[in-house]
Amino acid sequence: MSLWLLLAVNSVTLGGLLFLLSAGFSLIFGLMRIPNLTHGSFFMLGAYLGTSFLALGLNLWLAALASAAAMAAIGGGIERLLLRRLGGQELAQVLVTLGLSFMIADFCLMQWGGDPIPIDTPAGLRGALPILIITFPTYRLVIVIIAVVVAAALWVMLERTRLGAMIRAGVDDAPMARVTGIRVSRLFTIVFCLGAALAGFAGVIGGPILSVYPGLDADMLPLALIVVILGGTGSLLGALLGSFIIGFLYNFGQALFPELAYIILFLPMLVILLIRPQGLFGRHAP
Amino acid sequence: MARTVDRRKFLWGTAMAAALPWAPAVAQSAPVRIGLLTVKTGPLAQGGIQMEQGITVFLKQKNNTLAGRKVELISADTGGNPAGAKTKAQELIERDHVDFVVGPLAAFELLAITDYIQQAKVPMMSLAAADDMTQRKPNPYFARASATSSQCNQPLGDYAAKEMKLKRMATISEDFAYGYEQCGGFQKVFEDNGGRIVKKLWTPIATPDYTPYLAQISDVDGVWNGFAGSNPIKFNQQYAELGLKPKYPVMGGWTAYDDALLKSFGDEAIGAISAAWYSSDLDTPSNKRFVEDMVRDYGNIPGGYAAGCYINGMCIEAALEKTGGKTEDKQKLIEALRAVSLTDSPRGAFRFDHLGNVVGNIFIRRIERKNGKLVNTILKTYPEVGQFFTYDEKQFLAQPVYSREFPPLKS
């Protein structure tokens with residue numbers, strides 16, 4: 001009994017972390033129609049930058065925000081200087097993001113070395129909280145709260161602001177949005193900055209659980225991909241539900257059928273692609 | 001167009017032809033070439049970079065001269081994959097004509113090039129631990145001065161059963177050959193000495209969150225793990241976070257608690273027991289020199305990867321001394337390499353068995369905090385441990401190689 005409860009609570013916390021990772025990925029995918037293969041690298045680079053900010057004496061939250069700001073600048077630069085020039089050529093853009101991911105990985109190795117770098121849990125959140133019959137690490141619950149706050153903020157931004165309306169219009173039909181006078185190319189930059197910032201933020205926040213190491217990018221990118229394909233591109237609700245579904249599949253799959261861990265993760269993605277290619281909540285097929 | 005050969009060209013050509021028989025004599029004064037197959041990019045780079053540091057420190061101490069001959073180190077980055085290892089091994093052997101190959105790092109890289117090395121007849125010393133390389137499928141041109149996957153874990157099983165008096169244990173390790181072989185060695189000896197493995201957990205190599213596995217551990221006296229690379233950091237953080245550490249003491253193989261990882265660990269690793277073939281606080285003259293130079297040149301306390309390559313360098317020196325610096329006869333060279341027996345090395349005294357695998361110390365250590373720093377303190381030394389531990393070689397080789405299914409979990 002306590003095993004199942006522990007797994008259930010942990011599914012929610014993993015879902016929270018996955019949402020922070022994949023919300024930006026989903027928006028970029030929905031608006032620009034490309035899977036941004038540097039997204040895992042944004043997560044890793046953000047986490048590494050976070051370790052440097054922590055070394056300067058910032059606390060975890062400030063380091064995460066500083067890292068998010070730095071990643072927004074880097075993401076914006078990549079969109080403006082590289083992807084912009086390849087506008088309309090989706091394959092070329094995907095290849096550029098793939099190439100960049102290798103370059104970022106080598107840059108991190110050069111800059112921070114190959115040794116894994118742990119990120120300490122903030123002092124006040126180190127213990128465990130009793131939940132019914134189990135005790136659960138406090139910090140992981142904090143991640144859920146952060147994810148919920150970020151989700152709410154993103155929802156308000158997308159549904160209640162002018163910018164959000166423009167992004168939604170761009171996701172639905174970019175050429176039509178252009179005709180009505182929306183500067184879609186500027187939206188691309190904004191969304192790319194936002195996505196990179198969220199990924200970097202998630203990298204630092206996830207640090208106390210995952211630590212930071214070469215290869216973290218490749219570990220996280222497939223998870224973002226499944227979440228978004230499952231939930232549907234360009235949909236916040238899709239990313240949120242996709243994250244929690246994957247969180248549950250990951251936890252219960254690995255505990256119940258450890259031999260089939262990957263099959264359980266990827267099978268739903270295949271099924272969704274076959275019967276509902278736009279994803280559970282997506283507006284159009286990827 | 002007719003090609004004419006004038007007198008000068010003829011004389012020059014003749015002179016060159018006459019010089020040919022002497023070419024080996026010229027080559028003799030050329031440097032001995034050591035090809036290092038390492039990994040400097042990607043997730044395995046951490047160990048790969050340390051490998052290069054270890055052998056570089058050794059050659060620097062020797063002023064790049066071994067047994068009276070100049071030595072040249074040629075370093076190649078395999079990228080940590082089998083295809084890269086194959087390409088780089090061919091480059092080193094066919095283009096650079098290396099006399100020794102040191103490396104590669106990972107077992108799957110080693111398995112990709114073992115046949116080729118055997119054909120090319122170039123002595124190779126790798127840190128990769130695949131048991132069968134020196135057991136059921138030996139390569140006559142291979143020597144291993146580090147350990148097989150199971151070599152450290154067999155004495156650890158003995159220690160857990162006899163000294164720690166543990167009865168029931170769970171194991172958790174990565175879901176690939178290195179994990180199986182380590183776990184098998186531990187389980188075999190632990191169970192032969194009265195212990196019992198009640199749960200075996202296998203995790204994919206890329207596992208962001210170990211909680212689903214750790215949640216299944218209950219009702220045991222201790223937990224053994226076989227993690228490698230950067231996974232030990234994650235594993236120990238999450239193990240402590242879930243409150244398992246005070247309940248079930250944790251132990252592991254050398255890659256799980258390597259000295260080079262100590263700077264990345266925090267308090268969560270204190271108390272962890274490990275078995276290793278190298279320990280940086282071992283008090284031998286050559287280890288002191290090695291550690292001092294590693295700290296001076298790279299600011300790092302060395303772990304097994306650096307020590308392994310340093311020791312490989314010592315073996316190459318000893319082999320060259322035996323052959324009088326000659327490297328032409330590869331058969332003699334590998335024989336000399338396998339006959340190496342050192343009394344003072346960073347791991348203490350060691351020699352090779354007839355299959356080319358090392359026989360030497362295995363240290364049981366515990367992580368403690370001393371003067372603010374984490375250190376691995378040696379609790380017990382098992383001397384002269386070979387790959388078959390206390391078992392008879394014939395009987396050992398008659399059983400299958402340690403795997404996911406062997407030894408089986410007794411229900």
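Below, read A as the first sequence line, B as the second, and so on, with proteins coming before strands; counting in each chain starts at 1. As the structure is a computational prediction, the values presented were derived from the model and not from experiment.
The distance from the CZ atom of A:F102 to the OG1 atom of B:T41 is 10.5 Å, given to the nearest 0.5 Å. The distance from atom CG of A:N10 to atom CD of B:Q238, rounded to the nearest 0.5 Å, is 8.5 Å.
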Which is it for B:R404 and A:E259 under the salt bridge (charged side-chain N to carboxylate O under 4.0 Å, His left out) test, yes or no, and what are the steps along the way?
CA-CA 11 Å; B:R404 216 172 196 274; A:E259 282 84 4; 3.3 Å; yes
What do the steps show when you test A:D115 against B:Q50 for side chain to side chain contact (heavy atoms under 4.5 Å, CB included), and what is the final call?
CA-CA 10 Å; A:D115 295 316; B:Q50 291 168 26; 3.6 Å; yes
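Looking at B:T207, the atoms closer than 4.5 Å to chain A (heavy atoms on both sides) sit in the backbone and in the side chain alike. Looking at A:R140, only its side chain comes within 4.5 Å of chain B, counting heavy atoms on both sides. Within the 4.5 angstrom heavy-atom criterion, only side-chain atoms of A:L223, from C-beta onward, approach chain B. Interface remark: A:L7 contributes side-chain atoms only to the contact with chain B (heavy atom separation under 4.5 Å). Contact of B:L44 with chain A is not made at all, since no heavy-atom distance falls under 4.5 Å. Contacts between A:L18 and chain B at a heavy-atom distance below 4.5 Å are absent for every atom of the residue. For chain B, the nearby part of A:P208 is the backbone; its heavy atoms alone come within less than 4.5 Å.
With a 4.5 Å cut-off on side-chain heavy atoms, A:P258 and B:Y213 count as touching. In this structure the side chain of A:Y250 never reaches within 4.5 angstrom of the side chain of B:T211, judged on heavy atoms. At a threshold of 4.5 Å between non-hydrogen side-chain atoms, the residues B:L242 and A:T135 do not count as touching.
Here the closest non-hydrogen pair linking B:K234 and A:L210 is CG-O, 2.9 Å. Shown here for A:L3 and B:A215, the closest heavy-atom pair between the two residues is CD1-O, 3.1 Å. Smallest separation of non-hydrogen atoms from B:D209 and A:Q254: O-OE1, 4.1 Å. Residues A:I209 and B:Q237 share a closest heavy-atom pair of O-OE1, 3.8 Å.
Atom OH of B:Y298 has more than 12 neighbouring heavy atoms from other residues, nucleotides or ligands inside a 6.0 Å radius. Counting non-hydrogen atoms of other residues, nucleotides and ligands closer than 6.0 Å to OH of A:Y262 gives a total above 12.
A salt bridge does not link B:K40 with A:D106: none of the charged nitrogens is closer than 4.0 Å to a carboxylate oxygen.
Note: B:P204 leads B:A260, B:A45, B:P204 in heavy-atom pairs under 4.5 Å with chain A. By number of non-hydrogen pairs under 4.5 angstrom with chain B, the leading residue of A:G127, A:G114, A:G253 is A:G114. Note on A:V212, A:I117, A:D219: by heavy-atom pairs under 4.5 Å with chain B, the leading option is A:D219.
For the side-chain contact (heavy atoms from CB on, under 4.5 Å) with B:S230, the lone residue among A:P116, A:P118, A:S211 that qualifies is A:P116.
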